[in-house]
Protein chains: 2
Amino acid sequence: MGFAETFKALSDPVRRDILVLLKDGRLPAGEIGSHFNMTGATISYHLGILKNAGLVFESREKNFIYYELNTSVVEEVMLWLSELKGENYHVKEE
Amino acid sequence: MGFAETFKALSDPVRRDILVLLKDGRLPAGEIGSHFNMTGATISYHLGILKNAGLVFESREKNFIYYELNTSVVEEVMLWLSELKGENYHVKEE
DNA sequence: TCAGTATTTAGAAAAATTTCTAAATACTGA
DNA sequence: TCAGTATTTAGAAATTTTTCTAAATACTGA
């Protein structure tokens, strides 16, 4: 669950689209899948990779499994990149 | 040369190590290669991917090809991530 | 309990990536 | 010009990734 997994997870366009989809809140796996022209099994595979990378977490409720963006890991990636640039960055408060 | 290439380029640990190596300034291909236990051909392959992704540029001088980090593309990736988080970020001046 | 819905797992095929060796290109300086 | 150095390109093997179908698991509500 280090940077290796996280960057690998971010390298696929389907997985990035999933993250964008989750930007506004959590969604169940089926709802996520309905936005793609792929089988549920494939979406499940991608969700597994995102989860393993720490980029999302899941929560079970009723008959659904909800996925939610983990912004703190996104933040960590940004920090790594900002160190690469050799500059600091600052999250705007409020 | 969109995000697809850039994220793919960032997904390999060797390529990320190359970028870190270039953090402090440009280096010729051979010098970069000397830090890895791989053939020059393989390093050349990775440099080509980084160049194609816009993450580095090259400049020829004497008998060497120098590679240099392109921080503006790193910045673009950070912006994409910050939009994902739904927050702004701010580069510290000075 | 049980039929139905939501999702994942297993296994396999197809495609993409990483690495190597060998050969080619490009430039330097004598 | 030419031998030498730096780097890339070509082609192939090994590995990893993505996707599918079919089957399994898990939970719901009647």
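Residue numbers begin at 1 in each chain, while the letters A, B, ... track the order of the sequences.
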- Item | Side-chain N or O of T42(B) closer than 4.0 Å to phosphate OP1/OP2 of dC20(C) | yes

- Message: Classify A29(A) by what it touches in the nucleic acid, base, sugar-phosphate, or nothing, heavy-atom distance under 4.0 Å.
- Response: sugar-phosphate

- Candidates dT17(C), dA6(D), dG4(C) - which lies nearest the side chain of K8(B): dT17(C)

- Item | Paired nucleotide for dG29(C) [Watson-Crick or G-U wobble; both distances under 3.5 Å] | dC2(D)

- Would one find a side-chain N or O of T39(A) under 4.0 angstrom from OP1 or OP2 of dC20(D)? yes

- Taking CD from E58(B) and P from dA6(D), how many angstroms apart are they, rounded to a whole number? 17 Å

- Query: So does R60(A) get a side-chain nitrogen or oxygen closer than 4.0 Å to the phosphate oxygens (OP1/OP2) of dT7(C)?
  - Reply: no

- Query: OP1 or OP2 of dT19(D) sitting under 4.0 Å from any side-chain N/O of H46(A)?
  - Reply: yes

- Query: The side chain of S44(A) lies closest to which of these nucleotides: dT19(C), dT8(C), dT7(D)?
  - Reply: dT8(C)

- Task: Give the rounded distance in Å between these two atoms: OH of Y45(A) and C1' of dA13(C).
- Result: 14 Å

- Taking H35(A) as the fixed residue, which of I43(A), D17(A), V14(A), L21(A) is the one that meets the side chain to side chain contact (heavy atoms under 4.5 Å, CB included) rule? L21(A)

- Note on the structure: Regarding the side chain of A41(A), the nearest nucleotide among dA10(C), dT19(D), dT19(C) is dA10(C)

- Message: Heavy atoms only, 4.0 Å cut-off, all strands: where does Y67(A) land among base, sugar-phosphate and nothing?
- Response: sugar-phosphate

- Message: In this structure, how many angstroms lie between the P atom of dA6(C) and the CD atom of E31(A), rounded?
- Response: 11 Å

- Nearest of dT19(D), dG4(C), dA6(D) to any side-chain atom of V14(A)? dT19(D)

- Message: If we check salt bridge (Lys or Arg N to Asp or Glu O under 4.0 Å) with R26(A), which of these qualifies: E58(A), E31(A), E61(A)?
- Response: E61(A)

- Mind checking G30(B) for me? I need base, sugar-phosphate or nothing, with any heavy atom below 4.0 Å counting as a touch. sugar-phosphate

- Residue whose nearest DNA chain C nucleotide is more 5′ - S11(B) or G40(B): S11(B)

- Atom NZ of K62(B) and atom C1' of dC27(C): how far apart are they, to the nearest Å? 12 Å

- Task: Taking only Lys NZ, Arg NE, NH1 and NH2, and the carboxylate oxygens of Asp or Glu, determine whether E5(B) and K51(B) approach each other closer than 4.0 Å.
- Result: no

